Number of protein chains: 2
Amino acid sequence: MVTIRDVAAEAGVSVATVSRVLNNKGYVHEDTLRKVQQAIEKLNYSPNEVARSLFKRQSKLVGLLLPDITNPFFPELARGVEDELQKQDFRLLFGNSDENPEKEQAYIETFLQNQVVGIISATQTSGMFNQEQPAVPTVFLDRTHEGRYTVYADGREGGKIAARELVRRGSRNITVLKGPGHISPVQDRFLGAVEVLAASSVDFQVIQMASLTYEEAEERAKELFRQYPATDGILASNDMTAAAVLHEALRIGKAIPEEVQIIGFDDIPMSRLLFPSLSTIKQPVYEMGKQAAQLLLKLIKKEEVAEQIIQLPVSFVERNTTRKVKADG
Amino acid sequence: MVTIRDVAAEAGVSVATVSRVLNNKGYVHEDTLRKVQQAIEKLNYSPNEVARSLFKRQSKLVGLLLPDITNPFFPELARGVEDELQKQDFRLLFGNSDENPEKEQAYIETFLQNQVVGIISATQTSGMFNQEQPAVPTVFLDRTHEGRYTVYADGREGGKIAARELVRRGSRNITVLKGPGHISPVQDRFLGAVEVLAASSVDFQVIQMASLTYEEAEERAKELFRQYPATDGILASNDMTAAAVLHEALRIGKAIPEEVQIIGFDDIPMSRLLFPSLSTIKQPVYEMGKQAAQLLLKLIKKEEVAEQIIQLPVSFVERNTTRKVKADG
DNA sequence: TTGAAAGCGTTACCAC
DNA sequence: GTGGTAACGCTTTCAA
């Protein structure tokens with residue numbers, strides 16, 4: 001391993017000088033500069049980040065905590081975060097918590113032990129965060145936490161839009177699939193939907209799910225069609241569950257969207273590839289990741305941040321699990 | 001920040017002693033042990049990994065380089081890697097290279113600067129790796145590299161199986177969509193398929209794609225049906241392109257699988273949710289990630305490793321883009 | 001069984 | 001403009 005000492009020796013200067021050119025701060029003569037640069041080149045030197053981090057008590061690393069990268073909602077989030085951080089030469093320390101408090105705790109602890117400059121977390125449990133203010137700037141992503149920096153999409157409005165679209169397109173007996181209540185975005189969209197439905201004149205009922213897995217959604221969908229055969233509109237908690245419902249509906253011979261309309265939530269990549277392609281509420285996922293990273297960067301640099309909570313808009317994506325409607329007017 | 005010094009002071013011992021209990025190596029009296037543990041508890045001390053890494057010239061970090069986590073093939077790979085490493089308290093430094101040599105170079109450099117103990121790379125370009133043996137144990141995943149530790153699935157055999165299944169199920173005019181030749185697994189499956197087709201009595205043609213994007217596949221699919229209207233069987237480079245072909249086929253009114261059969265490759269999560277659900281060649285993706293991590297762990301610990309290359313088997317997943325065939329016999 | 005001290009590779013302060 | 005050196009928090013000799 002070649003160190004700053006070797007470079008100094010090679011260039012015939014002190015380590016202090018080499019350090020100065022490395023960080024280009026402080027005076028250094030042009031000739032000296034050249035000598036040092038040549039030495040660096042010659043020895044193929046590259047500074048040891050660990051030593052730097054130790055001295056500065058802060059690394060160029062950011063901790064990213066996700067529930068599960070395998071859930072198709074998250075890869076784009078992660079990408080948004082990474083692309084933004086990468087531009088400023090920050091790197092990602094990455095972990096999946098499975099919403100398991102112990103795992104989460106363990107990851108956060110090692111993030112901190114590795115002296116990350118900041119943390120972005122898309123988890124809800126946040127056992128650690130709840131206890132105390134974390135030692136480094138932290139931004140929550142997709143999940144809201146009272147009094148914390150947060151970037152998320154307007155799930156409430158999304159739920160409303162979904163419900164309105166379903167009603168507007170003619171559903172008169174709607175079933176809402178309600179996801180786990182402790183996941184804030186899931187709860188928000190549910191509340192939004194119910195708010196609109198309650199104020200409308202359509203019949204509706206709610207089926208509670210304990211998870212958002214495809215498998216459970218399949219079960220619930222069976223139940224749904226058995227229990228509420230008159231249902232002609234379904235609001236799913238997310239696209240994955242919508243896919244399960246869609247398949248079950250097709251399996252038992254329902255015409256989609258003629259007999260039953262379905263609206264999902266998220267707009268994950270697969271949604272447009274389903275058949276019929278899935279109408280859904282789109283979250284600006286990449287943008288959310290990006291904005292979370294930007295916010296964190298500001299926090300790290302102690303720049304002024306206008307607001308603690310950034311809420312991004314969602315939008316209805318009309319595809320083929322909802323009926324067409326005449327142009328408004 | 002509470003340091004080992006604080007703990008030592010609190011416990012009334014030297015830092016050396018605290019270090020000994022931390023790493024439980026060397027003699028330490030039972031009473032002393034207790035005192036130190038209490039001090040640690042009381043001060044809520046947790047050792048600084050950065051300082052450790054600096055001294056040991058080696059961290060508890062592993063670099064994971066992926067082309068793009070947004071490509072649905074990779075999340076499960078990453079998960080396999082992470083789950084395995086996490087058990088042994090290693091953490092992941094994570095980056096997407098987009099198969100861009102500069103990005104890749106930059107990531108690897110920072111991995112090394114952060115003194116990772118090892119690297120797992122699923123990239124093909126590997127500008128850096130090609131030059132010289134990297135400074136730390138490195139395992140290639142999904143992509144093969146001459147003379148390097150590698151974990152991958154048997155794409156060649158997969159290509160053969162796919163071709164055989166298509167022929168066996170009655171396709172007589174087959175189009176092979178060939179992905180970018182520089183990506184080894186993609187090339188392997190192509191070669192396997194062609195090998196079987198060439199030895200068979202069916203007609204076949206090849207369409208070359210410059211990428212594996214859905215968008216390009218859509219274009220090529222249009223071309224395909226225009227140029228080779230007699231095609232009754234399609235071998236796609238992966239499931240994503242298969243999905244595009246499937247949609248285009250449906251759009252122009254082809255009956256699937258009656259008029260045209262399609263087989264994908266990978267078995268990404270969406271494949272079973274397509275309509276008709278996609279027959280494909282399944283790669284044991286999670287397992288691949290896991291094995292790569294296990295291999296790297298062995299390398300790190302300088303344990304004996306039986307072989308440099310681990311090849312995992314693939315399998316045909318029969319779904320509904322291929323015709324049923326009577327039981328063999 | 002314990003402690004003093006050197007050293008891991010940097011940076012930043014202070015002299016010159 | 002430049003260099004010497006303490007310090008970052010830890011581990012590991014080595015001596016006691």
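All values reported here derive from a predicted model rather than from experimental measurement. Chain naming here is simple, since letters A, B, ... match the order of the sequence lines and numbering starts at 1 in each.
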J.: When you get a sec, tell me which of dC10(D), dG9(C), dT11(C) is the closest nucleotide to the side chain of Pro47(B)?
T.: dC10(D)
J.: Nearest heavy atom decides the nucleotide; on that basis, is Lys56(A) or Lys56(B) closer to the 5' end of DNA chain C?
T.: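 Upstream on the strand: Lys56(B).
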J.: Measuring from the side chain of Ala16(B) (C-beta onward, heavy atoms only), which nucleotide among dT1(C), dT12(D), dG9(C) has the closest atom?
T.: dT12(D)
J.: For the pair Lys60(A) and Asp89(A), find out whether any cationic side-chain nitrogen is under 4.0 Å from an anionic carboxylate oxygen.
T.: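 Not counted as a salt bridge, because no side-chain N and carboxylate O are separated by less than 4.0 Å.
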J.: Can you tell me how far P of dG9(C) sits from CD1 of Ile4(A), to the nearest Å?
T.: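 One finds 11 Å between P of dG9(C) and CD1 of Ile4(A), rounded.
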J.: Would you mind telling me which residue lines up with the more 5' stretch of DNA chain C, Leu33(B) or Val15(B), judged by nearest nucleotide?
T.: Leu33(B)
J.: Roughly, in whole Å, what's the span from CD in Gln115(B) to C1' in dG9(D)?
T.: 14 Å
J.: Give the nucleotide from the list dT2(D), dT11(D), dT11(C) with an atom nearest to the side chain of Phe55(B).
T.: dT11(D)
J.: What's the closest nucleotide to the side chain of Thr3(A) if the choices are dT5(D), dT11(D), dT10(C)?
T.: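 Between dT5(D), dT11(D), dT10(C), the one nearest the side chain of Thr3(A) would be dT10(C).
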J.: Rounded to the Å, how far apart are Arg52(B) CZ and dG9(C) P?
T.: 19 Å
J.: So, for Glu84(B) and Ala293(B), which heavy atoms are closest and what is the spacing to 0.1 Å?
T.: CB-CB, 3.5 Å
J.: So, does Ser14(A) use its side chain to make a donor-acceptor pair with the main chain of Thr17(A) at under 3.5 Å?
T.: yes
J.: Going by atom types alone, do Thr144(B) and Thr150(B) pair a side-chain donor with an acceptor below 3.5 Å?
T.: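 Looking only at side-chain atoms, Thr150(B) and Thr144(B) do not form any donor-acceptor pair under 3.5 Å.
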J.: Once you round it to whole Å, what is the distance between P of dT11(D) and NZ of Lys25(B)?
T.: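 Lys25(B) atom NZ is separated from dT11(D) atom P by 9 Å.
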J.: How long is the line joining CG of Leu112(B) and C1' of dG9(C), in whole Å?
T.: 16 Å
J.: What is the distance, rounded to the nearest whole Å, between atom NE2 of His29(B) and atom C1' of dG3(C)?
T.: 17 Å
J.: Looking at dG3(C), does its base get a donor-acceptor pair with the side chain of Arg20(B) below 3.5 Å?
T.: yes
J.: Measure the spacing between NE2 of His145(B) and CD1 of Ile309(B) and express it to the nearest 0.5 Å.
T.: 11.5 Å
J.: Can you list the steps and then say if Gln115(A) with Leu61(A) is a side-chain contact (heavy atoms from CB on, under 4.5 Å)?
T.: CA-CA 8 Å; Gln115(A) 297 186 167; Leu61(A) 268 24; over 6 Å; no
J.: Check the phosphate of dT11(C) against Asn23(A), side-chain N and O only, distance under 4.0 Å to OP1 or OP2. Yes or no?
T.: yes
J.: Calculate the interatomic distance between Arg5(A) atom CZ and dC8(C) atom P; express it in whole Å.
T.: 7 Å
J.: For Thr32(B), which contact category applies under a 4.0 Å heavy-atom criterion: base, sugar-phosphate, or nothing?
T.: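 If one applies the 4.0 Å heavy-atom cut-off, Thr32(B) turns out to touch the sugar-phosphate alone, with no base involved.
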J.: Using OP1 and OP2 only, check whether a side-chain N or O of Tyr45(B) sits under 4.0 Å from dC10(D).
T.: yes
J.: Classify Val50(B) by what it touches in the nucleic acid, base, sugar-phosphate, or nothing, heavy-atom distance under 4.0 Å.
T.: nothing
J.: Do any side-chain nitrogens or oxygens of Thr17(B) fall under 4.0 Å of OP1 or OP2 in dG3(C)?
T.: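 The answer is yes; a side-chain N or O of Thr17(B) sits under 4.0 Å from OP1 or OP2.
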J.: Tell me: CG of Asn114(A) to P of dG9(D), nearest whole Å?
T.: 15 Å
J.: Are OP1 or OP2 of dG9(D) and a side-chain N or O of Arg57(A) less than 4.0 angstrom apart?
T.: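 It does, given that an N or O in the side chain of Arg57(A) lies less than 4.0 Å from OP1 or OP2 of dG9(D).
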